[in-house]
Each structure stands twice: as structure tokens, then as C-alpha cells.
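Labels below follow one simple rule: chain letters A, B, ... track the order of the sequence lines, proteins then strands, and each chain is numbered from 1. Keep in mind the model is a prediction, meaning the values are calculated, not measured.
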Amino acid sequence: MPDVGIHLKGEVSLPDLFQKLRQDIGENVGAVGCFVGVVRGLSEDGERVKFLRYESSEDAVKKLEQIAADIEKRPDIWRVMIHHVVDQIAPGEDAIYVLVAGRRRDDVFRALPELMNRVKAEAPIWKKEVTEQREYWVHELAERK
Amino acid sequence: MPDVGIHLKGEVSLPDLFQKLRQDIGENVGAVGCFVGVVRGLSEDGERVKFLRYESSEDAVKKLEQIAADIEKRPDIWRVMIHHVVDQIAPGEDAIYVLVAGRRRDDVFRALPELMNRVKAEAPIWKKEVTEQREYWVHELAERK
Amino acid sequence: MGSALGITVKFFANFREAVGQEQVEVAAAMDVAALLDELVRRFGERMAKQLYESGSKKLCETVNVLVNGRGINLLSGLDTKLKDGDVVAIFPSVSGGG
Amino acid sequence: MGSALGITVKFFANFREAVGQEQVEVAAAMDVAALLDELVRRFGERMAKQLYESGSKKLCETVNVLVNGRGINLLSGLDTKLKDGDVVAIFPSVSGGG
């Protein structure tokens, strides 16, 4: 069963998730991969970031579950965890944790980018970047380019 | 400066390494990737593994440093950590930790497999697998195939 | 025309900001195009700019419209018919995850 | 022939097991081939089987021989000359890292 969640800041951490994963690990697990998305202090345009504000719809958890389940059903994947922080997040703080346990390192190295790409493209989660100069939703930034 | 080491069991853990990485994180870091190599309970031949015994030469730390430094000097990589446990390790226990902090997720997703491939191919670290049936050095297993 | 239910419209991200509410009720709209016209009437130029490519009635590529959870690109686009009780969600491209 | 120093040979993994020691001193050997002959004389058939492809004097692909830290594949192979004070390391393919 995949393990996913949407959290406020401070409710979740990589050490806690890793420990939870370790408590019930299959005998065929030889590799664990983790990804942590961190808020950068400089925007794409080089402006100093004050914070990012993440927002999600009520469907976000269901979508994260679906993404995680799609990967977890592979025979060489034991467990997928996706935990997103939806809150006001300062530079240096974590926005997302993705963990994958699988048979070999290739299994987890393949799964991690797929999971992140799908979360970015499919999960109903948005972010607004607030820099010292201005504030904008990140999709607006993409539009300008 | 890359952060590498060869340890006995219990001297190192992912939470500790991750926390150390977080204590000094660049403002351009948007992504942290981790890999944990775990001892599997079943060998490639499906035999039940009792333990693995890792051995290294005195050059191992120097080689891990070199591998980490090669990746860390990339402009979009902030820090590389490689910590290997060289000891008798039971199924479910960790043998290696690799952490990479970088600008974007693509930077860390590219670096992680490269680091692991280089450690496997270049670091003077060997392992002997002891199953319920027999024991052998892992390179001998590769030879038989 | 239509029961008391009407159509529920949910907004997210910049749309929620523009509207100042998480959701509104619209008494009736024949299709998505008519619904969006009604939203522009209520919420003005800012809503129009967020929905349409400038000076057109073509939805911005970054705008997603779901009817009862299904994207209108998989239905009939702006011509997708609406009926009482439908729930429409309007939001920009998602961008979660650090 | 040669000073008191001789040649130091370090063993790792299965070679260390076969020899029962981490390292040995060899008084003199003209080249790597001669050194390996001496090791087979001292440590017998098990050493020969670990070094050579069966029934030949060709090194197994999994065997690495370093002279003063440089692989003999980058030097002159089995013909690599040795001199007093050299350190030779013998080990199989590495396989670290879970």
C-alpha cells in the first residue's frame, strides 16, 4: 500500500518517513531512493525568494495515491511514499518527500524521476513564489517565457 | 568539500547524514537525492542470505573522495556525501548511503546513479555473501554466470 | 430552467485570488463557454485575462477546466454541456513539488 | 640480488583468504609474471586457480594487479618490471555498495 499525504510544515520529515519505511521492509529490497524538494533562495530570475506558498485541492491526496500505486505495483518495487507540504515554506525548507524501496538500484533510480514528473504534472498542487520584488504563481512565470 | 567515510555498523545513518547536509545548505539547492543500499534477504540465486561481509583497502576513503569531488565540482551540485559500511551486515541493514544536493531535481537524478556506478566499479571494497547453503565473494558469483 | 441546485464552480490558485472565494454557484449555464461568460460578467477583466489568450475567446494553455472531475479537453471543450448539479473546477497548470 | 627491502605484496578479499595474511614480502622478482610464479610456489594450487584462467597463464578478467597503485593494464601487463621497494596489490573486481 502506498503511503502518501498532504501536510502542514513540521508534520513530516525525511528521517521519520525513512524510519517508517524501514519498519516494514521486504526481504527483496536492496535499494531505497529518496528525493527531497527544497525551496531555493533564488528564483529562476535571480530574485531573492522570501517564501513559497503551496496550495492544493481536496483531490490532491487521491492523485498522489494513484501515482504512487501505479509505480508500487511493479514487481520490483516494494513501497512508494509521497508526502507534500502545503503551506508557506521558506528557502531551505522542504516541500516534498518521495521515497521508493525496490529490489535493485536501477528500479529506484527509474522510479524516482517518474514519480516527481507525475506529481509536478498531475497533482492538483500550485505554488506562488514571493520574492523581494514581487509575487506570482509559478505557472505565470512559465507563461512569460 | 565532499563528505565521505568508511564506517563500522551503527556509526552512521541516513537521518544523521541528512541532518548534517541540511545544516549547511546553499541557497541554490532545490533538490536533495539519497540512495541507501540495503542487504537483501535473498541472493541472486534465491538462497536465503545470512549476512554479507564487506572488506575495503586503506585506499577506499581516498577513492570515495575522488568520486564525490568529481561530481561535486559541477556548477549545479552543492554537496556529495558517500558513506559506506564495511562490516558484517545482515539482511535489511544498510551498506551504503549516497546523498547529493543540487540545484534542480535533474541534477541530482543524474548524479546519483553515476555515483553508485562509480563506487561499484572503482572503490576498493569487496563483499562476501554468506547464505544458508554456502559462501562466496560476489565477484566469483559474477564469474560463474 | 434548472433546479435550485445550479452549477458549482470551484476556483484554485490565481483564480481563487481573483474571485476572492473558493467557490460560487451559478444558477444555470448551457455549456462551459456560457459559464465562463457568466464568470467574466461577475468578476470582470481580471477573470477574462486569466482565462483567455489576450483578445480572444481561446482558453490559455495553462488553464484547466474540469466538469465533474473530467478535463473538458477529454469532453467537448468549451462546448461541453452543463446541467444542474454539475461541479466545475477551474485552475492553472499544477506545479507542486519543489 | 636486490636490497633488504624486496617487494611487498598486499592481498585483498579472496586472495587474502587464500594466503591467510594481509601481505607478504618477496625478496626479488624481475617482473609481475615472476612474482606471481613465486606466489603460486608459496601458496599452491588455490592461488593459481584464483589468478589464472583455468589451465593457462592468462590472468582472470576479475583479477586486478596494481604496482605502486597503478594497474598493470596501464603499464606492461605481466611483463611490468619490478624493483626493490615496489608495492604490489592483488585483488578481485570490486563490488561495494549494496
* NZ/NE/NH1/NH2 to OD/OE distance under 4.0 Å, B:E93 and A:R22 -> no
* Asked: Considering residues, nucleotides and ligands other than A:R79, do more than 12 of their heavy atoms fall under 6.0 Å from its CZ?
  -> yes
* What part of A:R48 is in contact with chain B, defined as an atom under 4.5 angstrom from a non-hydrogen atom: side chain, backbone, both or neither? -> side chain
* Is it true that atom CD of A:Q19 has more than 12 heavy atoms of other residues, nucleotides or ligands lying nearer than 6.0 Å? -> no
* **Under 3.5 Å: donor-acceptor pair, side chain of A:R40, backbone of B:E27** => no
* Structure fact -> Applying a strict 4.5 Å limit to non-hydrogen atoms, the region of A:D94 in contact with chain B is both
* **Top of B:V98, B:V49, B:N28, B:V100 for chain A proximity - count of heavy-atom pairs under 4.5 angstrom** => B:N28
* **Contact origin within A:P91 toward chain B - heavy atom pairs under 4.5 Å** => neither
* Asked: Do other residues, nucleotides or ligands put more than 12 heavy atoms under 6.0 Å from the CZ atom of A:R103?
  -> yes
* Atom pair CG/CG of B:L14 and A:L17 - distance to nearest 0.5 Å -> 11.0 Å
* Using a cut-off of under 4.5 Å for heavy-atom pairs, which of A:G92, A:P15, A:C34 has the most such pairs with chain B? -> A:C34
* Side chain of A:R105, backbone of B:G37: donor and acceptor closer than 3.5 Å? -> no
* Top contributor to chain A interface from B:V36, B:L99, B:I25 [non-hydrogen pairs under 4.5 Å] -> B:V36
* So, for A:F35 and B:F109, is the gap between ring centers shorter than 6.0 Å? -> yes
